Structure formats: C-alpha cells, structure tokens
Amino acid sequence: MEKLQPPRGTSDLLPQEMATQRYIFDTARAISQRYGFEEMATPIFEFTEVFARPLGETSDVVAKETYSFTDRGGAGLTLRPEGTAGVVRALISGGLTQNLPQKFFYGGAMFRYERPQKGRMRQFHQIGVELLGVSGAVGDAEMITLGALILAELGVAEQCTLHINTLGDGESRLAYRQALVDYLKPLRKKLSADSQRRLEANPLRILDSKDAGDRALLAEAPRLETYLNAESKAHFDSVLKFLDAEGVKYQINPHLVRGLDYYTHTSFEFITEALGAQGTLLAGGRYDGLAGMLGGADVAGVGWAAGVERLAMLIKAPSAPTVDVMLIGLSDELLVRLFPLGAELRRVGLRVELGYTHNLGKQLKRADRINATHAVILGDDEARRDGAILRDMESGAQEEVALKDLATKLRAKKS
RNA sequence: GCGGGUGUAGCUCAGUCGGUUAGAGCGCCAGAUUGUGGAUCUGGAAGUCGCGGGUUCAAAUCCCGUCACUCGCCCCA
C-alpha cells in the first residue's frame with residue numbers, strides 16, 4: 001500500500017458525487033414507478049452458474065471479467081457483473097412466475113475486472129428495469145419510452161441517440177448466424193485478428209467491428225433482415241409502430257448486436273457522443289431465452305440497464321442543500337442554552353448547524369460557507385435579557401428576539 | 001489482455017539541452033476587525049516532484065521497473 005489509494009477501478013463517492021448519484025437513482029425510480037415498476041434488490045453475489053449459464057461460458061464477461069471466489073464453505077460465488085440474471089433468478093426462486101407480469105426496478109454496484117477508463121470502472125453502478133412475462137411488442141416499446149423519459153428528465157436526452165435493431169427469435173438468429181459464418185469463413189484470412197476470434201466465439205459481434213477492413217467485407221455480407229421469420233419481422237414492425245405513435249425518434253442500426261447470449265428480438269442503446277468510446281448510456285433488449293437457460297420455465301422478458309457514472313458525467317449536480325439556521329453561542333454555557341432550540345427546530349424539519357467553537361467571526365464565516373440562511377447568536381449581553389440575536393445571513397440585518405420566541409420565528413421564516 | 005499519453009502544494013497548473021534553498025493562481029490559516037461572514041490588504045503554513053531502482057560530481061528533468069489515472073482496441077452500462 002504505497003500511497004493509500006482505493007483499489008484500481010474503484011472510487012469514493014464523496015458527498016457531491018453521492019448527491020449526483022442519489023439524484024439519478026431517485027429520478028429513475030420515481031419515473032419507473034409511474035410505469036408501475038417497483039424497486040427490488042438481489043444479492044451482490046450469486047452462485048457463479050447464475051451468470052455463467054446465461055451469459056455464456058465463453059463470453060468475455062464470464063471468462064475473464066468476473067470477480068469469482070470460493071467462500072469458506074466451498075461455494076463458487078461471483079460478484080454480479082450485471083443485474084438481469086440475478087433478477088430473473090429471483091423471479092424463479094420466489095415462485096413469482098405464477099403471477100406474471102412482474103415489473104422490477106433495481107440499482108446498485110456491479111463488478112467487472114476490466115481495464116479502467118473514464119466511464120468504465122471495475123466497481124460501477126447501474127440502474128435497471130425488467131418487465132417479465134410480457135412477450136408482446138408493447139412491452140419492448142414501453143421499456144424504451146421509459147428509458148427515454150428518464151433520460152429526458154435527467155436532461156441528457158438531447159445529447160443522445162436511440163439506436164435500435166432486432167436479432168429476431170432464436171430460430172431467425174440461428175439461421176442468420178449460420179449464414180454469416182458461411183459467408184465469412186472463406187474470407188477468414190482477411191478479417192482482423194479480433195474478428196477471426198469472434199468468428200468462433202460470437203460471430204454476430206463482427207457486425208459491430210470498428211476495423212475498416214472488416215467493415216468493407218461486411219458490406220457484401222448477408223443481411224439479418226432477410227433471415228427474419230414472419231413472427232420476428234412482425235414483432236419488430238410492431239415495436240416501431242408503438243414508438244412512432246409516441247413520437248420517439250430512433251435510428252435503425254443493423255450492426256447493433258448484443259454481447260450476451262440470451263438476447264432475442266429487440267435490442268436498443270441510447271448512445272451519446274460526449275463520452276468517447278464509453279458512449280452507451282442506457283442499453284437493453286428482449287431476453288425471452290433467459291429464464292429457460294437458468295432452469296426455470298420459459299418467461300418472456302425485456303429490460304435495460306443504464307450506467308450511473310456515465311449519466312453523472314453528463315448532468316449538472318443538484319445544488320447543495322441550504323442550512324436553515326446556524327446556532328452560535330459565545331461560550332459553552334451560552335451554547336447550552338441554544339442546544340435545546342436546535343433539537344426543537346430539527347424535530348419540525350429545519351436543518352440546523354451548531355457553531356463548534358466560540359469564535360464569532362469564524363463561525364459566521366462557516367455559516368456563510370455552508371449556505372446558512374440565518375444565524376442565531378447568543379452572547380452574555382443578550383443572555384441577561386433572555387434574548388438572542390437573529391441574523392439574516394443574506395442581508396446582514398439582525399434583531400434581538402426573546403429566546404422563547406425564536407423557534408416560532410424561525411419556523412415562520414422557513415415557510 | 002494489447003498499444004499510446006500523463007503523474008510537481010488540498011485543487012488547476014508552470015518549471016526538462018540535468019546545475020545553488022522547486023514556483024504561480026485558487027483554496028487554507030492568521031492579522032488589519034480582542035462580539036459579526038461574503039470585499040480588500042498584509043503575513044503564514046503546506047510538496048517523500050506517484051513509488052522503487054539505475055546513470056551522473058549533480059536528477060522533478062535522462063534510463064528501467066512499478067502503481068494510478070487517461071485515450072484507443074478488446075469487452076461492455
């Protein structure tokens with residue numbers, strides 16, 4: 001421990017950052033509730049299989065980015081790298097599949113062992129929503145409009161674009177995947193090293209390659225659109241119809257694919273230019289295959305997650321709360337007489353600070369710094385008359401008020 | 001995991017053809033104002049120059065390693 005710093009990829013949330021995160025969290029929760037989503041929470045760690053099975057044993061997230069460990073009882077556990085798998089596991093564990101649909105809002109810390117960058121931490125925070133048991137396109141569309149409304153409420157909607165695509169159902173996806181592999185196999189040598197690897201591990205990801213050579217090859221590649229079966233195509237068209245009805249602007253992006261194996265049909269991302277390579281603010285899609293992969297009955301699902309740190313970088317922090325009154329006693333004996341007043345005011349909801357020393361100048365300075373609107377000053381002269389000075393910190397005007405009347409007076413000023 | 005950049009006071013940064021006690025602004029503390037904040041003036045404290053090693057008579061400055069941050073790739077919120 002050379003310089004006493006937090007572990008790589010983690011950071012402290014000092015009050016200012018905490019306030020911003022709290023604001024994002026509260027805003028998202030409040031708006032989700034308007035859509036009927038209720039908050040829930042799952043454990044921060046799960047049995048490793050909960051993530052390994054649905055995410056795919058070979059996916060990078062599971063293969064090299066998880067914090068996995070064996071506990072003292074020998075159980076194989078993993079810190080959650082994302083929220084959806086845990087929520088669906090909870091749905092199955094709790095027998096909630098008997099009572100669908102279920103609508104959840106959640107948020108909290110996620111963990112991925114990655115190379116840190118701005119907007120990409122090893123411990124980071126997500127908020128997310130999951131709609132379970134609704135297979136219709138209305139569900140996809142509702143989730144997207146919920147995301148759009150939250151981003152608008154946070155004031156970042158102007159800075160991002162909604163990209164949307166469909167992967168089709170399992171059948172369509174498989175057929176296309178095969179066609180893509182058949183097309184690319186003979187061209188293997190011309191692909192970038194990364195994409196050659198993807199060809200084995202996750203061929204659809206090649207569509208998202210940033211390599212210029214790959215992109216050129218893809219121009220002639222088979223198109224996903226033509227491999228969609230009738231149901232898949234109808235589902236996507238319907239999603240777009242719902243979005244059009246609400247006037248949600250989107251951009252169809254055939255190269256938008258998901259890294260995680262359980263996604264089907266719609267996938268979408270709200271992307272901003274403002275954060276460089278970490279521009280995805282909120283992303284999700286439909287995952288009708290997930291519950292089955294976890295060993296439960298098939299349950300349709302659609303959801304998204306948003307990166308709190310990324311959002312925090314784009315919004316202006318809510319202003320610091322103001323203090324209603326600062327109580328300053330010019331000696332400990334005098335402060336004792338003000339002490340109960342502080343308690344009384346706090347009981348009725350005022351924010352009260354105490355002067356921790358008896359140096360008047362210093363305490364007024366502190367009152368100024370913490371944005372106190374009023375100060376109560378008690379010195380020997382006033383105390384003899386059972387009064388105290390009430391000072392308006394903005395105007396500097398002050399008057400002597402009887403101690404017994406202070407609470408009433410301050411409450412009146414507050415309202 | 002791969003490639004590039006950066007790291008000097010609490011903060012933002014100057015300071016490199018290596019050369020006496022390492023600087024500025026902001027902030028902080030004190031005084032002018034011994035019972036009155038926000039302005040001004042004066043003074044002050046504060047730095048293992050990220051850390052470790054090497055080269056040299058001499059290293060913030062050059063070299064190597066390491067840690068952290070950062071940009072791109074991978075992956076992804």
Side-chain angles (χ1 to χ4, degrees), chain A residues 1-11 14 24 55-56 58-66 81-84 107-128 147 160 192-195 197-198 201-202 205 208-211 214 256-260 268-272 275-285 303-313 326 328-331 334 355 358-372 374-383 388-389 391-398:
Chain A
M1 215 183 290
E2 296 292 333
K3 202 193 166 183
L4 206 58
Q5 54 197 182
R8 186 172 202 201
T10 69
S11 71
L14 297 178
I24 291 168
L55 299 186
T58 59
S59 77
D60 274 18
V61 170
V62 166
K64 53 183 206 193
E65 293 181 2
T66 51
E82 58 96 39
T84 305
M110 307 291 165
F111 305 85
R112 288 182 200 173
Y113 187 86
E114 296 184 278
R115 178 129 177 197
Q117 271 178 45
K118 187 169 57 176
R120 195 181 70 182
M121 310 283 286
R122 289 182 171 181
Q123 174 178 338
F124 62 104
H125 298 82
Q126 287 189 336
I127 48 179
C160 59
S192 65
D194 282 327
S195 287
R197 188 175 48 74
R198 292 185 183 110
N202 194 351
R205 264 280 161 194
D208 204 22
S209 175
K210 285 167 187 162
D211 182 84
D214 289 351
L256 181 69
V257 290
R258 289 267 83 101
L260 307 181
F268 56 90
E269 296 189 8
F270 288 85
I271 300 172
T272 178
L275 296 179
Q278 278 71 243
T280 301
L281 290 175
L282 184 155
W304 54 251
V308 176
E309 282 82 0
R310 292 183 186 180
L311 289 169
M313 284 188 281
M326 171 116 168
I328 305 169
L330 267 36
S331 70
L334 294 165
H358 308 306
N359 180 324
L360 181 54
K362 235 183 235 180
Q363 292 310 319
L364 280 174
K365 191 165 184 165
R366 181 163 154 253
D368 183 50
R369 197 153 35 201
I370 64 181
N371 257 327
H374 292 86
V376 168
I377 303 162
L378 184 60
D380 287 320
D381 296 347
E382 298 81 23
I389 293 171
R391 178 179 180 84
D392 182 309
M393 289 302 292
E394 201 184 337
S395 67
Q398 49 185 49

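The structure presented is a predicted model; accordingly, all values stated were derived computationally and were not measured. All chains are named by letter (A, B, ...) in the order of the sequence lines, taking the proteins before the strands, and each is independently numbered beginning at 1.
The A:Q126 side chain lies nearest to B:rA77 when the options are B:rA77, B:rU36, B:rG37. Considering only the side chain of A:Q278, B:rG72 comes nearest among B:rG72, B:rU36, B:rA77. Counting only heavy atoms from C-beta on, A:D368 has its side chain closest to B:rG38 among B:rC75, B:rA77, B:rG38. Side-chain proximity of A:A283 to B:rA77, B:rC74, B:rU36: nearest is B:rA77. Comparing B:rG37, B:rG72, B:rC75 by their closest approach to the side chain of A:R198 singles out B:rC75. Listed nucleotides B:rG1, B:rG35, B:rC74 differ in distance to A:Y113; the shortest reach to its side chain belongs to B:rG1. Out of B:rA77, B:rC73, B:rC76, the shortest distance to the side chain of A:F124 is found at B:rA77. Here the side chain of A:I389 is nearest to one of B:rG35, B:rG38, B:rC73, namely B:rG35. Between B:rG1, B:rC75, B:rG37, one nucleotide has an atom nearer to the side chain of A:E114 than all others, and that is B:rC75. Of the candidate nucleotides B:rC28, B:rC76, B:rU70, B:rU70 has the atom lying nearest to any side-chain atom of A:R115.
Nucleotide B:rA60 is matched to nothing when pairs are restricted to Watson-Crick or G-U wobble geometry with both distances under 3.5 angstrom. Under the Watson-Crick or G-U wobble criterion, with both distances below 3.5 Å, B:rA22 is left unpaired in every strand shown. As the counterpart of B:rG7, B:rC67 is assigned, both hydrogen-bonding distances of the Watson-Crick or G-U wobble pattern falling under 3.5 Å. Using the Watson-Crick or G-U wobble rule with both distances under 3.5 Å, B:rC17 pairs with nothing in any strand shown. Searching all strands for a Watson-Crick or G-U wobble partner of B:rG1 with both distances below 3.5 Å returns B:rC73. Nucleotide B:rC41 forms a pair with B:rG31, judged by Watson-Crick or G-U wobble geometry with both contacts under 3.5 Å.
A donor atom on one side chain and an acceptor atom on the other are found under 3.5 Å apart for A:T280 and A:E269. Between the side chains of A:D214 and A:S209, at least one donor N or O lies within less than 3.5 Å of an accepting N or O.
As rounded to the nearest Å, B:rG4 and B:rU42 have P atoms that lie 50 Å from one another. Atom name P, nucleotides B:rA24 and B:rG43: the rounded distance is 12 Å, in whole Å. Taking atom C1' on both nucleotides, B:rC29 is separated from B:rA45 by 7 Å, rounded to a whole Å.
Applying the salt bridge (Lys or Arg N to Asp or Glu O under 4.0 Å) criterion to A:D208, with sequence neighbours excluded, gives A:R205.
Atom CG in A:L281 sits roughly 17 Å away from atom P in B:rC76 (whole-Å rounding). To the nearest angstrom, P of B:rU36 lies 17 Å from NE2 of A:H358.
Here A:N359 lies out of heavy-atom contact (under 4.0 Å) with every strand. Nucleic acid contact class of A:Q398 (heavy atoms, under 4.0 Å, all strands): base. Within 4.0 Å (heavy atoms only), A:G276 reaches sugar-phosphate atoms of the nucleic acid but no base atom. The residue A:G128 sits apart from the nucleic acid: no heavy atom pair falls under 4.0 Å. Residue A:M393 is classed as a base contact, given a heavy-atom separation below 4.0 Å to a base.
OP1 or OP2 of B:rC74 has not a single side-chain nitrogen or oxygen of A:R120 nearer than 4.0 Å. A close approach under 4.0 Å does not occur between any side-chain nitrogen or oxygen of A:K118 and OP1 or OP2 of B:rU70. Between A:R8 and B:rA68, a side-chain N or O to OP1/OP2 separation shorter than 4.0 Å is present. For A:R369, no side-chain nitrogen or oxygen approaches OP1 or OP2 of B:rG27 to under 4.0 Å. Side-chain nitrogen and oxygen atoms of A:Q117 include at least one within less than 4.0 Å of the OP1 or OP2 phosphate oxygen of B:rG72. Between A:K362 and B:rC29, a side-chain N or O to OP1/OP2 separation shorter than 4.0 Å is absent.
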